[in-house]
Protein chains: 2
Amino acid sequence: MSTWSDTQDLASELFDRDLVTELADTFKVLGDPTRVRILDVLSRQELCVGDIATVLGLGESAVSHQLRLLRNARLVRQRRAGQQIFYALDDHHVTRLFAQAHEHVQERRGRTVPQPGATGAEKSDPPREPAPAAAEQER
Amino acid sequence: MSTWSDTQDLASELFDRDLVTELADTFKVLGDPTRVRILDVLSRQELCVGDIATVLGLGESAVSHQLRLLRNARLVRQRRAGQQIFYALDDHHVTRLFAQAHEHVQERRGRTVPQPGATGAEKSDPPREPAPAAAEQER
DNA sequence: TGAGTATCTGACCAAGTGCTCATATGTTCA
DNA sequence: TGAACATATGAGCACTTGGTCAGATACTCA
């Protein structure tokens, strides 16, 4: 019933179960608009929880919940400074993943039939490497 | 109440709403083990729906549902050959995204405290560029 | 120490997701 | 044309997810 000769070979080459899970979990964490926004802002500046909430217009509890997921995924790291905890991207992969996904979205748009109602104009600076953490005036 | 000076500037630099949505949607599609497995197998060989289901041990309906999401996200493309429809990766970004995420997972493991019960051994060939669609013996 | 501030956590709930089953659509070939 | 096959689609349901609210924890400073 099969159209190819080496079903066993093909199946044996695939990602093993754990790797599949870890890849999916990583992308799952990235697959939420709120977390994308948090990572985006953190890619530009190290910020404490309250400020992330303020800049993005979110509740502090919601931000904290999301930061926990980002922490577990090792996408952000934290640094305590007094009562505040500053968050920053934990490694360069986030930025590169964003850049790749951004390219995909761009090409996707090119191939997609332009929707009559589409906005057309859009900020689309390609994501770049994160800037070093700015000097904070910790209070 | 803010710890930084240019909250307006920072907020105005961020990804706009549409880009955030599109990035999150792209990652969301990648954030499921079944779809990761489908993309993984398609990165190695162009396959029809039934064969994907067979190789991965999934129901054909489930595969079809997932392929629709992958199609909508422009991650796979389809080619009809008789009654069968062959699927393949639509662009190179998937592979690169997998490679980046794979690197992240690897580094993440290095930094993570090794769990006593962890397996330790694992297939972890880094994802490579997809091979050209193999010649199928279409029936 | 205790008030004040910043962050985290758990319970809860509305919305979203992924699977299965049944059925529809589309293609081939006798 | 109609049977057989391959794939797609819709409804239904168990499970997950992301937010809010209330309360806990952690740190600072008078």
Side-chain angles (χ1 to χ4, degrees), chain A residues 1-4 20-21 24-39 42 46-73 75-88 136-139, chain B residues 1-4 20-21 23-39 41-42 46-73 75-88 136-139:
Chain A
M1 197 181 310
S2 170
T3 52
W4 76 95
V20 167
T21 302
D25 286 347
T26 300
F27 287 124
K28 195 175 297 181
V29 173
L30 296 171
D32 173 79
T34 300
R35 290 191 289 271
V36 167
R37 295 178 70 208
I38 292 174
L39 292 170
L42 291 182
E46 187 187 39
L47 287 175
C48 64
V49 179
D51 288 347
I52 297 171
T54 302
V55 174
L56 300 184
L58 299 168
E60 300 189 349
S61 178
V63 171
S64 188
H65 276 299
Q66 300 296 18
L67 284 172
R68 186 162 55 84
L69 298 181
L70 294 170
R71 253 187 288 127
N72 291 344
L75 293 171
V76 301
R77 66 183 142 74
Q78 56 189 157
R79 168 180 75 83
R80 180 175 277 279
Q83 300 181 37
Q84 305 174 83
I85 298 181
F86 285 85
Y87 282 85
E136 298 295 327
Q137 46 197 38
E138 292 151 17
R139 51 182 179 273
Chain B
M1 199 179 308
S2 170
T3 52
W4 76 96
V20 167
T21 302
L23 288 174
D25 285 348
T26 299
F27 287 124
K28 196 174 295 181
V29 173
L30 296 170
D32 173 82
T34 300
R35 290 190 290 271
V36 167
R37 295 178 71 207
I38 291 174
L39 291 170
V41 72
L42 292 182
E46 187 187 38
L47 287 176
C48 63
V49 179
D51 287 347
I52 296 171
T54 302
V55 174
L56 300 183
L58 298 169
E60 299 189 350
S61 178
V63 171
S64 186
H65 277 298
Q66 300 295 17
L67 284 172
R68 185 161 58 82
L69 298 180
L70 294 170
R71 253 187 286 127
N72 291 344
L75 293 171
V76 302
R77 65 183 143 74
Q78 55 189 158
R79 169 180 73 84
R80 180 175 278 280
Q83 301 181 36
Q84 304 171 87
I85 297 181
F86 285 85
Y87 282 84
E136 297 293 328
Q137 44 197 36
E138 289 150 20
R139 54 178 177 275

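Residue numbers start from 1 in every chain, and the chains themselves are labelled A, B, ... in the order their sequence lines are given, proteins ahead of strands.
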**Student:** Classify the nucleic acid contact of A/Q66 as base, sugar-phosphate or nothing, counting any heavy atom under 4.0 Å across all strands shown.
**Tutor:** sugar-phosphate
**Student:** May I have the distance from A/L47 (atom CG) to C/dA6 (atom P), rounded to whole angstrom?
**Tutor:** 15 Å
**Student:** Of all the choices, D/dG19, C/dT7, D/dT28, which nucleotide is nearest to the side chain of A/T34 once you look at every atom?
**Tutor:** D/dG19
**Student:** Side chains of A/V63 and A/L56: does their closest heavy-atom pair fall under 4.5 Å?
**Tutor:** no
**Student:** Measure from the side-chain N and O atoms of A/R71 to the backbone N and O of A/Q78, and report whether any donor-acceptor pair falls under 3.5 Å.
**Tutor:** no
**Student:** In whole angstrom, give the distance that lies between atom CG of B/L67 and atom C1' of C/dG18.
**Tutor:** 14 Å
**Student:** Do B/V76 and B/L39 pass the side chain to side chain contact (heavy atoms under 4.5 Å, CB included) test, and can you show the C-alpha distance, the side-chain angles, and the key distance before you say yes or no?
**Tutor:** CA-CA 8 Å; B/V76 302; B/L39 291 170; 3.7 Å; yes
**Student:** Taking the minimum atom-to-atom distance to the side chain of B/A62, which one of C/dT7, D/dA8, C/dT20 wins?
**Tutor:** C/dT20
**Student:** Take the protein atom NZ of B/K28 and the nucleotide atom P of C/dA15, then report the distance between them rounded to whole Å.
**Tutor:** 15 Å
**Student:** Ignoring backbone atoms, test whether B/Y87 places a side-chain nitrogen or oxygen under 4.0 Å from the OP1 or OP2 oxygen of D/dA6.
**Tutor:** no
**Student:** Of the non-hydrogen atoms in A/E60 and A/G50, which two are nearest, and what is the gap between them?
**Tutor:** OE2-CA, 3.8 Å
**Student:** Per the atom types in the model, does the base of D/dT9 pair as donor or acceptor with the side chain of B/S61 at under 3.5 Å?
**Tutor:** yes
**Student:** Do any side-chain nitrogens or oxygens of B/Q83 fall under 4.0 Å of OP1 or OP2 in C/dT25?
**Tutor:** no
**Student:** Please report, rounded to the nearest Å, how far the C1' atom of C/dG16 is from the CZ atom of B/R35.
**Tutor:** 12 Å
**Student:** Tell me: CG of B/L58 to P of C/dT20, nearest whole Å?
**Tutor:** 8 Å
**Student:** Is the phosphate of C/dC8, meaning OP1 or OP2, less than 4.0 Å from a side-chain N or O of A/R71?
**Tutor:** yes
**Student:** Considering only heavy atoms from C-beta outward, does the side chain of A/L42 approach that of A/L70 to under 4.5 Å?
**Tutor:** no
**Student:** Which nucleotide sits closest to the side chain of B/I85: C/dC19, D/dA8, D/dC5?
**Tutor:** D/dA8
**Student:** For B/F86 and D/dT7, what is the distance between atoms CZ and C1' respectively, to the nearest whole Å?
**Tutor:** 13 Å
**Student:** Between B/R80 and C/dT27, does any side-chain N or O lie under 4.0 Å from OP1 or OP2?
**Tutor:** yes
**Student:** Report the residue (B/D32 or A/Q78) whose heavy-atom-nearest nucleotide on DNA chain C is the more 5′ of the two.
**Tutor:** A/Q78
**Student:** Side chain of B/H65, base of D/dT7: donor and acceptor closer than 3.5 Å?
**Tutor:** no
**Student:** Using atom CZ of B/R79 as one end and atom C1' of D/dA6 as the other, report the distance to the nearest whole Å.
**Tutor:** 15 Å
**Student:** Of the candidate nucleotides C/dC19, D/dG10, D/dA6, which contains the atom at the shortest distance from the side chain of B/Q84?
**Tutor:** D/dA6
